Number of protein chains: 4
Amino acid sequence: MTADPETRLRADARRNRDQILAAAKQMFFDDGPDVPMEEIARAAGVGVGTLYRRFPDREALIRAVAQDNFARVLTEARAAAEEPTGWQALVRLLGQSRELQLSVRLALVSPQASVIIREDRGTQEFRNAILDVLDDIVHRAQDEGSLRADVSTGDVAIVVSLLLRRFPAKGETAELMIERVLALLLEGLRARPDSVLPGRPITVEDLYLR
Amino acid sequence: MTADPETRLRADARRNRDQILAAAKQMFFDDGPDVPMEEIARAAGVGVGTLYRRFPDREALIRAVAQDNFARVLTEARAAAEEPTGWQALVRLLGQSRELQLSVRLALVSPQASVIIREDRGTQEFRNAILDVLDDIVHRAQDEGSLRADVSTGDVAIVVSLLLRRFPAKGETAELMIERVLALLLEGLRARPDSVLPGRPITVEDLYLR
Amino acid sequence: MTADPETRLRADARRNRDQILAAAKQMFFDDGPDVPMEEIARAAGVGVGTLYRRFPDREALIRAVAQDNFARVLTEARAAAEEPTGWQALVRLLGQSRELQLSVRLALVSPQASVIIREDRGTQEFRNAILDVLDDIVHRAQDEGSLRADVSTGDVAIVVSLLLRRFPAKGETAELMIERVLALLLEGLRARPDSVLPGRPITVEDLYLR
Amino acid sequence: MTADPETRLRADARRNRDQILAAAKQMFFDDGPDVPMEEIARAAGVGVGTLYRRFPDREALIRAVAQDNFARVLTEARAAAEEPTGWQALVRLLGQSRELQLSVRLALVSPQASVIIREDRGTQEFRNAILDVLDDIVHRAQDEGSLRADVSTGDVAIVVSLLLRRFPAKGETAELMIERVLALLLEGLRARPDSVLPGRPITVEDLYLR
DNA sequence: TATGAATGAGGATTCATTCAT
DNA sequence: TATGAATGAATCCTCATTCAT
């Protein structure tokens with residue numbers, strides 16, 4: 001009757017929910033977004049019923065995983081934005097992409113999952129917040145003269161997304177690949193007097209408009 | 001009973017097979033590698049029975065699509081290698097990647113498809129042949145002094161693969177995105193006296209070794 | 001620990017039980033006897049746990065609803081029997097059937113529910129008591145010469161049950177339907193010199209013997 | 001390639017379909033409209049897959065059974081209408097109701113099934129055709145002076161529906177019950193100079209309007 | 001040989017019932 | 001004792017694959 005048991009219950013439920021989310025994230029990334037719900041439940045150490053109590057169907061689970069992922073990305077983007085210069089912030093953000101890999105790749109996988117995530121309001125909000133932070137970083141870096149002037153935030157977002165792909169190797173070799181691709185991309189992004197990109201800058205509005 | 005009807009039959013069978021492959025490729029890319037076999041058959045204008053006569057199961061179909069894709073890539077790579085300079089060959093090859101998108105993305109999608117393709121002997125042979133061609137181009141471009149010396153064929157292969165991703169837009173905007181990312185990557189790949197990449201070059205042996 | 005809280009508890013428990021019964025009755029009639037137990041609990045304003053404390057399983061709940069229903073029918077039948085003449089008692093009893101509709105229809109719906117109810121001892125006793133009252137009324141009306149002599153109590157019971165059906169309309173129209181069907185049946189039941197029914201009278205023993 | 005094999009195939013499929021319909025009808029009436037689809041399939045001697053190929057889901061199966069039922073009723077109603085007098089036609093139609101029992105009871109059972117059937121276009125058309133036939137019979141019998149003048153087609157339809165209920169007995173006893181109730185109702189319906197029903201006639205428009 | 005009907009295993013989802021709080 | 005979270009068995013439905021025509 002007091003608030004205490006209720007709170008403890010909530011703590012339990014919360015823990016359950018977190019375990020399910022963690023298990024789902026892992027399995028989505030290892031095996032794709034079609035893994036049997038029952039396996040997710042088993043990996044989370046709960047019964048299917050519990051999984052369905054928290055997430056009414058697979059879509060809801062995918063949305064929840066996506067929101068959780070994007071929330072983490074937002075946190076890291078904000079931390080990166082604390083760097084003294086815009087360029088440093090950009091480098092840090094891109095460097096972290098490696099850690100965000102697991103986090104965001106889901107959205108890139110199956111066409112169905114893409115649609116679900118793209119249409120999810122919660123994820124949209126996180127995405128917009130992330131793009132706002134990125135926008136700041138980009139402008140700062142351009143004002144400093146370190147980032148080439150003929151790119152816009154959309155271009156940089158695409159560069160970030162390139163780094164989220166699955167690389168064709170495991171462990172340290174995969175790390176090395178990311179590191180080197182990142183270095184190549186930074187070379188390309190650095191302001192250079194003689195270089196000009198084709199077409200027009202990609203803006204945030206160009207993204208996700210399918 | 002003469003050779004004639006048999007030949008005509010073969011022609012028919014060939015046409016059937018091609019239709020199925022084309023339909024499967026399209027549907028794999030539009031809807032992922034889990035599209036019902038029956039839908040593929042319908043799109044190909046044949047019954048499921050016919051589909052199964054040509055391809056004993058889904059894996060076989062995936063393998064066939066992959067081989068067909070890689071064969072096309074090989075053809076285009078060889079054509080690109082005809083360019084007068086190594087750098088031009090490289091630019092052309094990377095530029096064509098956009099057209100290879102549809103062709104190869106399958107391997108990047110579902111973890112299951114990845115495994116099937118990676119373990120398929122036929123695809124492996126095509127892949128090796130492609131990498132041989134790429135290897136030639138890379139060396140020529142480096143000998144010319146246009147491609148930075150601290151990359152190896154594996155690095156370039158990864159750059160190619162980056163361009164095969166699904167970009168977050170449709171139609172012309174997606175084309176524009178690819179064009180600009182390609183330009184950024186070429187900037188990064190260009191030989192520069194003052195620039196050095198971290199780690200060691202990625203070799204062909206580093207690829208796909210998971 | 002004193003008797004007082006225990007008594008209050010009983011009052012509470014009683015109220016709980018009544019709420020559950022009322023909710024269950026309503027939902028059984030609106031949605032059939034398969035409504036989720038959880039929805040019944042919600043409608044009753046209690047948790048499922050409480051519902052299960054009172055009624056160990058769905059069958060027990062169905063039995064309880066049936067007994068409650070039949071008890072009401074018995075009460076009304078006894079009240080009808082107070083009428084001055086047997087025919088008036090019969091008319092009143094049949095007229096009340098309309099109000100008994102909700103009460104008894106459950107037994108007519110799903111085959112499963114029928115079996116549960118038919119085999120329930122408590123319900124059987126109520127049913128027998130009701131049939132005893134009806135038997136009295138029938139004999140009185142026949143002794144008066146108003147009810148045809150070639151029917152027996154079983155025939156009349158069946159006529160009652162006919163009026164418990166769900167009529168294909170809502171609200172006043174449904175009332176009207178019942179009223180007119182009732183009038184037709186009373187015409188048929190009225191003693192008439194020239195009319196004779198086929199077969200033999202249906203006795204109480206003929207009922208429910210499946 | 002000729003029409004022959006196709007026809008034979010259709011014959012097979014048709015036979016399968018008929019078996020499924022027959023099995024479903026039987027089981028719906030024995031066990032209610034919630035019997036597991038798998039049991040229906042087993043009773044029909046086919047796999048679930050076949051059942052689902054013919055009837056995409058349970059609703060479709062219920063609709064098909066209902067249409068089949070109503071079609072039979074229509075046939076019998078038309079046959080009854082051939083009787084020389086309207087009253088004889090009416091008696092025959094009501095007498096056949098006993099055989100229609102199995103046929104139509106489905107619509108009276110679960111609220112869900114009722115809704116599905118009521119909203120099914122095909123069933124609606126059969127129902128309307130049946131009511132047209134009934135309307136003719138009613139008018140003929142009234143013109144003859146044998147059917148009471150203060151009923152309308154809706155009243156008679158309701159009387160028919162009363163006879164479709166499940167009677168509380170099996171076998172011959174149930175037959176006897178129907179026979180006697182039918183006789184009582186015919187007594188009530190017979191034109192009588194001194195008798196008048198309450199309210200106004202129930203028209204076809206009053207039916208099913210919930 | 002082509003077709004598409006049949007099969008049944010597999011995976012999603014629901015809900016009766018139990019049990020920890 | 002009341003609550004509602006957890007469990008898992010039961011059922012729905014889909015689709016890969018086989019096989020009769």
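Just so you know, these numbers use all the heavy atoms, side chains as well, and skip hydrogens, waters and symmetry mates. Order of the sequence lines sets the chain letters (A, B, ...), proteins ahead of strands, with each chain counted from 1. Small disclaimer: the values here were computed from a predicted structure and weren't measured.
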- Message: Can you list, in residue-number order, the parts of residues 43-53 of chain A that come under 4.0 Å of DNA chain F, counting heavy atoms only?
- Response: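 Heavy-atom cutoff 4.0 Å gives A:V46, A:G47, A:V48, A:G49, A:T50, A:R53.
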Considering residues at least two apart in sequence or located in another chain, which fulfil the side chain to side chain donor-acceptor pair (under 3.5 Å) criterion with [X]?
{"X": "C:Q19", "result": "none"}
{"X": "B:R58", "result": "none"}
{"X": "D:N16", "result": "none"}
{"X": "D:R63", "result": "D:E59"}

- Query: Can you list every side chain to side chain donor-acceptor pair (under 3.5 Å) pair that touches residues 37-52 of chain B, not counting sequence neighbours?
  - Reply: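 Output for this query is empty, none listed.
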- Query: Got a sec, which residues hit side chain to side chain contact (heavy atoms under 4.5 Å, CB included) with A:D31, two or more places apart in sequence or on another chain?
  - Reply: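 A:D31 satisfies side chain to side chain contact (heavy atoms under 4.5 Å, CB included) with A:M27, A:V35 once adjacent residues are dropped.
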- Using side chain to side chain contact (heavy atoms under 4.5 Å, CB included) as the criterion, list what pairs up with D:A23, not counting sequence neighbours.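 D:A43, D:A44.
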- Mind checking salt bridge (Lys or Arg N to Asp or Glu O under 4.0 Å) for C:R121 and listing every partner two or more places apart, or none if nothing turns up?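 Salt bridge (Lys or Arg N to Asp or Glu O under 4.0 Å) check on C:R121 returns nothing, list empty.
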- Task: Please name all residues satisfying salt bridge (Lys or Arg N to Asp or Glu O under 4.0 Å) with B:D57, sequence neighbours left out, ordered by chain then number.
- Result: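 By the salt bridge (Lys or Arg N to Asp or Glu O under 4.0 Å) rule, B:D57 matches no residue at all.
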- DNA chain E contacts among residues 31-41 of chain B, heavy-atom distance under 4.0 Å: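 Output list: empty, so none.
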- Task: Give the stems involving DNA chain E, where a stem is 3 or more consecutive Watson-Crick or G-U wobble pairs (i with j, i+1 with j-1, and so on) under 3.5 Å.
- Result: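 Expected stems, ordered by start: E:2-21 with F:2-21.
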- Are B:I40 and B:L61 close enough, and set up right, to give a side-chain contact (heavy atoms from CB on, under 4.5 Å), and what steps lead you there? CA-CA 10 Å; B:I40 296 173; B:L61 182 56; 4.0 Å; yes
